There are 2 protein chains.
Amino acid sequence: MSLPHALLTALVERPGTGAELARRFDRSIGWFWRASHQQIYRELARLEAAKWIRSAPVEDARGRERSYAVLAAGRRELKRWIAEIEDTPRAVRDELMVRLRAEAALGPAGLEAQVRRLIEREEARLKLYREHEQRAFAGRVDTRERRLQHLVVTSGIRMVSLRIEIAKEALEILGMEVGRDGES
Amino acid sequence: MSLPHALLTALVERPGTGAELARRFDRSIGWFWRASHQQIYRELARLEAAKWIRSAPVEDARGRERSYAVLAAGRRELKRWIAEIEDTPRAVRDELMVRLRAEAALGPAGLEAQVRRLIEREEARLKLYREHEQRAFAGRVDTRERRLQHLVVTSGIRMVSLRIEIAKEALEILGMEVGRDGES
DNA sequence: CGGGGCATGTAACCTGTTACATGATTAG
DNA sequence: CTAATCATGTAACAGGTTACATGCCCCG
């Protein structure tokens, strides 16, 4: 389970409030570990109870905004976790593949429109990722730290690109008539 | 949520017992939707309660083995689901990326060994997938149905390959000394 | 000063995981 | 005959989702 450690990482990079973290999760960290604001608040409360982070009311704040920062024990925990053996091989979840296989088993069922929507969404996402890469890294990928950060961003780009490529191939096959060979 | 529909798909492809489904999930469907045997039994009970599948004791069975098969209502439900709008943009979960980003934030913390193990695991998986592709499709990718099935299998291969490629690039960066440029 | 939006939650529920239980079957 | 294995579960819990609640601020 990684949510607490994703949050610790975000807060090591820069302290912030719950809402700000939720926004950052939408912008970049969340590319690889999505979390709703409810999850984030619940987890921040746990991390504070464990004394891995501390919070303080934001000065001049509207409402009850609190800013969170990582404590020494939190850094230790994060460092420990990085090298921890990950024995659970991760839960794979890809609905498109399940649907493709279902359509293969049942015959045409209207998956094409669905896939077109998926392609649109993923292309929008790809555009966003590429813009982020330009903005954040424009030519400056020098240190070990920045290389690692850059690898994470480009990995996102490559994974989304692959998903789009596969979805487009799926479209071609879905367009075929049943029983036809298509090799004509 | 797709587990019920992954199970329906598996049972449309071929009826079977709970344990057999668990094994099939390890072999191929589960590449894209993993499920433990406990989950499978629980979900089979629900699907039967919903009258989407029916079960019968296996003839000459050892123990209380029951074989499940999809009913007409189950096929209708699966067909409906295939074309359903998928508005939840899917929960992305990639621990490696979270760890890379954490190591970028904290400096070297022993991630290299972890990544090496990951590469080994993924390469074993890749080998498995490739063997499966050979065995199941050897040259015979003719009909629409088989093309879809083949796309699912090759997509698995391509996704795992990309993960390995990225992990190997990560290894190179992780091996760098902090503060060095590496462009020497 | 009233309505909409925002930050921070609470509650109920569902999914997925972990640990264990039971009875039958097969292997030695 | 006994031990290991297999199929089928049960129970308890942690993680994740959805719907709603509260109080403050800012805009008009």
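Predicted model, so just to flag it, every value in this text is computed and none were measured. What you see below is based on every heavy atom in this structure, not just the backbone, and it leaves out hydrogens, waters and symmetry mates.
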Original post:
OP1 or OP2 of C:dA7 less than 4.0 angstrom from a side-chain nitrogen or oxygen of A:Arg23, does that happen here?
Top reply: yes

Original post:
Rounded to whole angstroms, how far apart are CD on B:Glu20 and C1' on D:dT8?
Top reply: 15 Å

**OP:** Can you figure out which of C:dG16, C:dT8, D:dT8 approaches the side chain of A:Ala19 most closely?
**Re:** C:dT8

**OP:** Figure out the CD/C1' separation between B:Glu65 and C:dA24, and round it to whole Å.
**Re:** 10 Å

Original post:
Quick one: do A:Glu120 and A:Arg117 make a salt bridge, cutoff under 4.0 Å?
Top reply: no

Original post:
For the pair made of CZ in A:Phe25 and P in C:dT8, what is the distance, rounded to whole Å?
Top reply: 15 Å

Subject >> Reported OG1-to-CZ distance for the pair B:Thr9 and B:Arg75, which is rounded to 0.5 angstrom >> reply: 10.5 Å

**OP:** Using the test salt bridge (Lys or Arg N to Asp or Glu O under 4.0 Å), find all partners of A:Glu133 that sit at least two apart in sequence or belong to another chain.
**Re:** none

Original post:
Any ion pair linking B:Arg66 and B:Glu48 (charged N to carboxylate O, less than 4.0 Å)?
Top reply: no

**OP:** Check DNA chain D against residues 35-51 of chain A and give the residues with a non-hydrogen atom under 4.0 Å, in numerical order.
**Re:** A:Gln38, A:Gln39, A:Arg42, A:Arg46

Subject >> Value in whole Å for how far the C1' atom of C:dA7 lies from OH of A:Tyr68 >> reply: 11 Å

**OP:** Assign each of B:Ser67 and A:Trp33 to its nearest nucleotide of DNA chain D by heavy atoms, then name whichever residue's nucleotide is nearer the 5' end.
**Re:** B:Ser67

Original post:
How would you list, by chain and number, every residue that makes a salt bridge (Lys or Arg N to Asp or Glu O under 4.0 Å) with B:Arg27, sequence neighbours excluded?
Top reply: none

**OP:** Check the distance between D:dG9's P and B:Arg66's CZ and give it to me in whole angstrom.
**Re:** 8 Å

**OP:** Decide, yes or no, whether a salt bridge links B:Arg147 with A:Glu172 under the criterion of side-chain N to carboxylate O below 4.0 Å.
**Re:** no

**OP:** Using only side-chain N and O atoms of A:Arg93, determine if any of them is under 4.0 Å from OP1 or OP2 of C:dT15.
**Re:** no

